[in-house]
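What follows is a short report on a single structure.
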Amino acid sequence: MTKDTKNPPIDRVDGRLKVTGGANYFADFELPNMAYCVLVGSEVGRGTITSLDTKKAQGAPGVLGVFTHQNMPPIPGWDAPVGGEADGPAPKPKREETYRILSSPKILFDGQPIAIVVADSFERATYAASLVKATYNKQAARTELEKHLSEGVAPKGADGGNYLRGKADAYQSAPVRLEANYTIPIEVHNPMELHGILAHWTASDKLMIYAKTQGVNATQQAMAQAFKLDPKNIHVHTEFMGGGFGMGLRTWPQETAVVAVARKIGRPLKLVVTRSQMFTLVGHRPYTVQTINMGADTNGKLVGLAHAATAETASYEDFTEATVNMTKFMYDCPNVSTRYRIVRLDRSVPIWMRGPGEATGAFALESAMDEMAHKLNLDPIEFRLRNYTETDPEHNRPYSSKNLKEAYQRGADAIGWSNRKNEPGSQREGDWLIGYGMSTGVFSAFRWEASARALLKADSSLTIQSAVTDIGPGTGTALTIIAHNVLGVPLNQIKVEYGDTSLPKAPTQGGSAIVSAVGSAVFDACTAVKKQLTELAIKEGGSLAGRQADELIIADGVLSVEKEPRKKVALSELMRANNLTVIDKSADSKGGSEQSKYSMYSFSVHFVQVRVNPLTGVVRVSKAVSVADSGRIVSPKTAASQMIGGVAGGIGMALTEEASIDHRFGRFVNNNLGDYHVAVHADVPAIETIMIDKPDPIINPMGAKGMGEIALIGFAGAVANAVFNATGQRVRDLPITPDKLLRKLT
Amino acid sequence: MAEYENTGGKSEAPNASRRVFFKQSSALAALAMTPPAAMTAVANGLDEKVAAAFEQMPLHVEINGTMRTLAIEPRVTLLDLLREQLHLTGTKKGCDHGQCGACTVHVDGQRVNSCLTLAMTTEGSQVTTIEGLTPGGPDGPLHPMQEAFIKHDGFQCGYCTPGQIMSAVACIREGHADSPEEVREYMSGNICRCGAYANIVDAIMDVKKGGARV
């Protein structure tokens with residue numbers, strides 16, 4: 001592998017399909033006799049259904065059935081234990097409260113489905129759904145985290161939600177101290193593609209599913225458990241997914257319900273939820289309250305650090321994430337404690353959202369680092385460098401690679417950090433205050449188990465296969481480059497097939513792990529093909545007989561002796577000479593003992609320049625530079641896109657995104673894209689991305705680490721820090737909206 | 001624009017389906033004038049079933065250069081007509097409320113949110129969808145804007161892309177692509193959650209500067 005060579009910035013391999021409308025997402029598939037269904041949501045946040053009138057809906061034109069808790073077809077696996085809480089359908093009850101869709105009159109959250117209406121057209125199903133009427137015995141819905149902070153419980157797990165290194169209260173005796181509270185609101189993934197499913201029972205025990213999932217194998221497993229089927233009888237297809245950002249990391253109860261109803265009505269059944277249902281039925285980033293206590297000596301060395309976080313979860317399921325983890329290993333500090341709690345509210349369950357808990361935690365930690373730097377009258381980068389660590393203080397082991405110092409320097413140069421004034425509120429251009437801010441991001445670099453298959457044909461075309469789904473980062477493009485680097489097959493003769501359970505098993509796309517995991521499997525499968533080619537060439541009577549395998553190189557469809565380029569054989573010729581139409585190799589790949597000897601992380605640094613209008617409180621991000629230290633960059637063009645995407649998401653997180661609940665009713669008041677403000681074109685400036693692009697020598701054969709999460713993690717903190725630099729005002733509650741800033745500025 | 005121009009050879013006389021409609025209308029009128037029968041029908045839930053027969057309305061619309069004569073329910077949006085009945089699934093549903101732009105198509109040259117456009121209002125109009133940008137089919141030559149989106153990587157998951165491209169073409173035609181700032185303003189109705197905005201702006205500016213006919 002050309003570990004030491006930078007990779008070419010090639011166009012996305014599925015680009016043509018995506019720009020012509022030829023890429024088929026789940027809802028684009030059409031099956032004969034297909035029916036449509038619409039979900040009716042509860043109108044209360046907690047209570048019991050006392051009556052349900054479905055007669056009018058049943059009689060509406062084209063209606064094929066109305067399914068409620070009174071007549072829902074069985075989901076057999078719900079009577080048996082199912083897998084982990086986050087990976088399968090609703091779990092078997094193991095606590096007082098559980099949620100199984102359409103199985104009881106109990107309402108546990110606003111918008112909980114109370115009926116599925118099936119009709120022969122989308123319009124007819126939608127109209128009939130409007131005719132379903134319910135009455136409720138209403139109870140008060142507990143939806144406000146701040147009012148229930150004392151009810152926090154420690155999540156299950158080894159550390160019981162607590163971590164301690166050194167002394168927990170060391171910060172108290174430090175000469176310079178900071179205590180600050182930070183909150184982030186509910187944020188919603190809101191990928192552009194609406195959630196749903198298309199389910200087709202092709203036989204009484206065979207199921208075809210077009211899903212919106214980040215992992216076809218996971219959906220297959222969940223459905224196999226729910227319907228007590230052999231996974232082999234379940235075919236799941238998700239070649240294209242219109243964004244996930246985490247909401248497709250599990251199989252949601254309504255997917256299971258649609259499969260059950262499809263079986264009952266005996267027709268293929270399609271569900272596409274509404275945008276407002278995206279706020280309640282497919283998870284969200286949980287509302288989280290954090291406290292940071294930090295103590296430093298007068299030289300800017302950290303003495304003690306304590307980070308506590310409390311997040312909401314559902315009454316019926318415990319959701320946890322790694323909100324406080326970054327604090328444990330990011331900086332060199334002898335005394336660190338963290339505490340993580342969850343509060344069970346009358347809300348639908350959260351799910352990891354891009355950069356998950358780490359993005360939440362990084363906002364608090366990196367804001368606090370900036371606040372402390374200000375107290376110490378130090379440049380924020382200098383403060384971080386004084387507490388830089390070359391080894392992981394949490395696990396007492398080396399990092400597999402860390403080039404963060406270089407990332408600080410290159411980002412600072414690119415944004416023009418030298419133009420920053422350490423004195424807040426001291427730069428103005430016309431009506432606008434100018435400020436600069438930076439923040440660090442970090443996320444675990446995983447290498448999960450994955451399989452892949454490589455098929456080299458005699459015409460020297462190469463097909464790569466893996467079940468992995470490409471939700472947008474450019475997985476197919478990255479796998480193409482990896483295969484090209486190993487086998488030298490020209491890029492335009494490589495085809496990657498993915499997103500289907502008929503292909504070799506792959507992990508769910510998430511955790512920034514796919515290039516590392518599936519890429520390694522592709523690397524191994526292609527290496528096996530190369531090995532066979534080499535053996536054929538050097539064997540007795542072969543075209544390169546007598547040569548050693550390590551003398552040979554492979555490029556442009558030709559195997560040759562590196563030092564004597566004239567000694568060569570085309571791959572197609574080699575295969576023909578051996579009467580081979582195809583070389584077909586599969587590989588199962590996973591990390592080895594190195595995985596526990598090193599701490600493996602991807603790092604990022606985000607720099608922003610903001611302009612703040614002191615009269616209106618408006619904040620504009622006017623420049624952004626994001627630096628990624630994530631090993632060798634496999635696909636530079638799509639990697640840069642991932643980084644700019646993180647900036648756009650980060651601008652939304654920092655300035656506009658907040659799903660607001662009217663706590664009197666437990667309902668969202670802005671559950672649509674007109675009122676829940678994601679960043680639009682006008683919010684996002686030109687962005688500079690910088691790749692450190694140095695291979696990690698440990699993690700995998702490509703030396704590549706993930707970057708989907710680090711593109712976002714830390715960005716909101718950089719904006720908050722820049723706003724402080726511009727105005728002298730610190731906003732600790734995201735998003736930084738004009739009202740919050742104006743209250744402080746006037 | 002020639003009204004009812006038939007380029008697809010599939011159009012029947014516009015009057016044919018109108019006649020069917022009149023016939024159905026008289027039946028409805030007759031039903032309405034016989035109260036006892038109507039009451040019985042209502043009681044049996046037949047009102048809805050009878051109404052169903054009247055729900056189909058004639059529509060003549062040119063889509064991607066082909067004249068179509070259709071019978072549709074008046075409540076069908078242009079987006080659902082394209083996707084669910086005409087199998088033109090390149091146009092995407094992102095919100096169904098005109099808030100995201102994923103469903104952007106051109107109606108008589110103007111960009112519109114097809115989810116907010118009742119299909120019936122396109123009577124006699126010319127509709128162009130993403131599929132209409134490549135008359136040679138998906139494997140044929142690409143429109144300059146499609147080329148530019150690939151070159152600048154103006155997408156990731158690709159779901160908002162057909163809408164972005166249709167909007168981008170219109171943005172240039174409208175004369176709203178003279179600077180990156182102007183493009184950002186006039187493209188703000190098209191949300192990209194993957195956040196490819198910077199590359200989309202580059203793609204549009206590239207096409208604009210290249211002077212290709214869009």
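Order of the sequence lines fixes the chain letters, A, B, ..., with proteins taken first and strands second; residue numbering starts at 1 for each chain.
- With rounding to the nearest 0.5 angstrom, the CG atom of A:Asp14 is 11.0 Å from the CD atom of B:Gln156.
- By number of non-hydrogen pairs under 4.5 angstrom with chain A, the leading residue of B:Val201, B:Leu142, B:Asn190 is B:Leu142.
- Contacts between A:Ile471 and chain B at a heavy-atom distance below 4.5 Å involve the backbone alone (N, CA, C, O).
- Neither the backbone nor the side chain of B:Glu147 comes within contact range of chain A, judged by heavy atoms closer than 4.5 Å.
- Between chain B and the options A:Thr20, A:Thr126, A:Ile687, the largest number of non-hydrogen pairs under 4.5 Å is found for A:Thr20.
- By number of non-hydrogen pairs under 4.5 angstrom with chain B, the leading residue of A:Glu657, A:Met34, A:Arg354 is A:Glu657.
- Around the OH atom of B:Tyr186, the shell of radius 6.0 Å holds no more than 12 heavy atoms that belong to other residues, nucleotides or ligands.
- Counting only heavy atoms from C-beta outward, the side chains of A:Glu123 and B:Glu84 never approach each other to under 4.5 Å.
- Rounding to the nearest 0.5 angstrom, the gap separating the CD1 atom in B:Ile130 from the NZ atom in A:Lys18 is 14.0 Å.
- When heavy atoms are compared at a cutoff of 4.5 Å, B:Ile165 approaches chain A solely by way of its side chain, counted from C-beta outward.
- Here the closest heavy-atom approach between residue A:Met192 and residue B:Cys100 is recorded as CE-CB, 3.5 Å.
- The heavy-atom pair separating A:Ala648 from B:Tyr197 by the smallest distance is CB-CD1, 4.2 Å.
- Between A:His681 and the options B:Ile191, B:Val183, B:Ile200, B:Ile204, a side chain to side chain contact (heavy atoms under 4.5 Å, CB included) holds for only B:Ile200.
- The candidate from B:Cys160, B:Gly140, B:Gly189, B:Gly163 with the greatest count of non-hydrogen atom pairs under 4.5 Å with chain A is B:Gly140.
- For a residue to count as touching a neighbouring chain, one of its non-hydrogen atoms must lie under 4.5 Å from one of that chain's; by this rule A:Asn24 touches chain B with the side chain only.
- Between chain A and the residues B:Arg193, B:Arg184, B:Glu181, B:Gln85, the most heavy-atom pairs under 4.5 angstrom are made by B:Arg193.
- Between B:Asp96 and A:Arg275 there is no salt bridge, since none of the side-chain N atoms of the basic residue sits less than 4.0 Å from a carboxylate O of the acidic one.
- Residues B:Pro162 and A:Gly21 approach most closely at CG-CA, 4.4 Å, considering heavy atoms.
- One distance of note links OG1 of B:Thr77 with CZ of A:Phe122; it measures 7.5 Å at 0.5 Å rounding.
- The SG atom of B:Cys194 sits 9.5 Å away from atom CD of A:Gln642, with the distance rounded to the nearest 0.5 Å.
- When all heavy atoms of A:Leu194 and B:Gly94 are compared, the closest pair comes out as CD2-O, 3.5 Å.
- Expressed to the nearest 0.5 Å, how far CG of A:Asp28 lies from NZ of B:Lys92 amounts to 3.0 Å.
- With respect to chain A, the highest number of heavy-atom pairs below 4.5 Å among B:Gly158, B:Ala198, B:Gly195, B:Cys157 belongs to B:Cys157.
- Counting heavy-atom pairs under 4.5 Å between each of A:Tyr25, A:Tyr36, A:Phe245 and chain B puts A:Tyr25 at the top.
- Smallest separation of non-hydrogen atoms from A:Val19 and B:Gln146: O-NE2, 2.8 Å.
- For a residue to count as touching a neighbouring chain, one of its non-hydrogen atoms must lie under 4.5 Å from one of that chain's; by this rule A:Phe29 does not touch chain B.
- Neither the backbone nor the side chain of A:Met278 comes within less than 4.5 Å of any heavy atom of chain B.
- Of the two parts of A:Ala23, only the backbone, made up of N, CA, C and O, holds a non-hydrogen atom closer than 4.5 Å to a non-hydrogen atom of chain B.
- When heavy atoms are compared at a cutoff of 4.5 Å, A:Thr638 approaches chain B by way of both its backbone and its side chain.
- Residue contact with chain B, scored on non-hydrogen atoms closer than 4.5 Å, involves the side chain of A:Glu30 exclusively.
- In this structure, chain B has heavy atoms under 4.5 Å from both the backbone and the side chain of A:Ser641.
- B:Gln110 CD: 12 or fewer foreign heavy atoms inside a 6.0 Å radius.
- For a residue to count as touching a neighbouring chain, one of its non-hydrogen atoms must lie under 4.5 Å from one of that chain's; by this rule A:Ala711 does not touch chain B.
- In this structure, A:Ala682 and B:Glu185 approach most closely via the heavy-atom pair CB-OE1, 4.2 Å.
- Residue with the most contacts toward chain A among B:Thr129, B:Asp202, B:Thr134, B:Asn199: B:Asn199 (heavy-atom pairs, distance under 4.5 Å).
- Listed options B:Gly98, B:Gly137, B:Gly90, B:Pro138 were ranked by heavy-atom pairs under 4.5 angstrom with chain A; first place goes to B:Pro138.
- To the nearest 0.5 Å, atom NE2 of residue B:His97 and atom CG of residue A:Asp675 are 10.0 Å apart.
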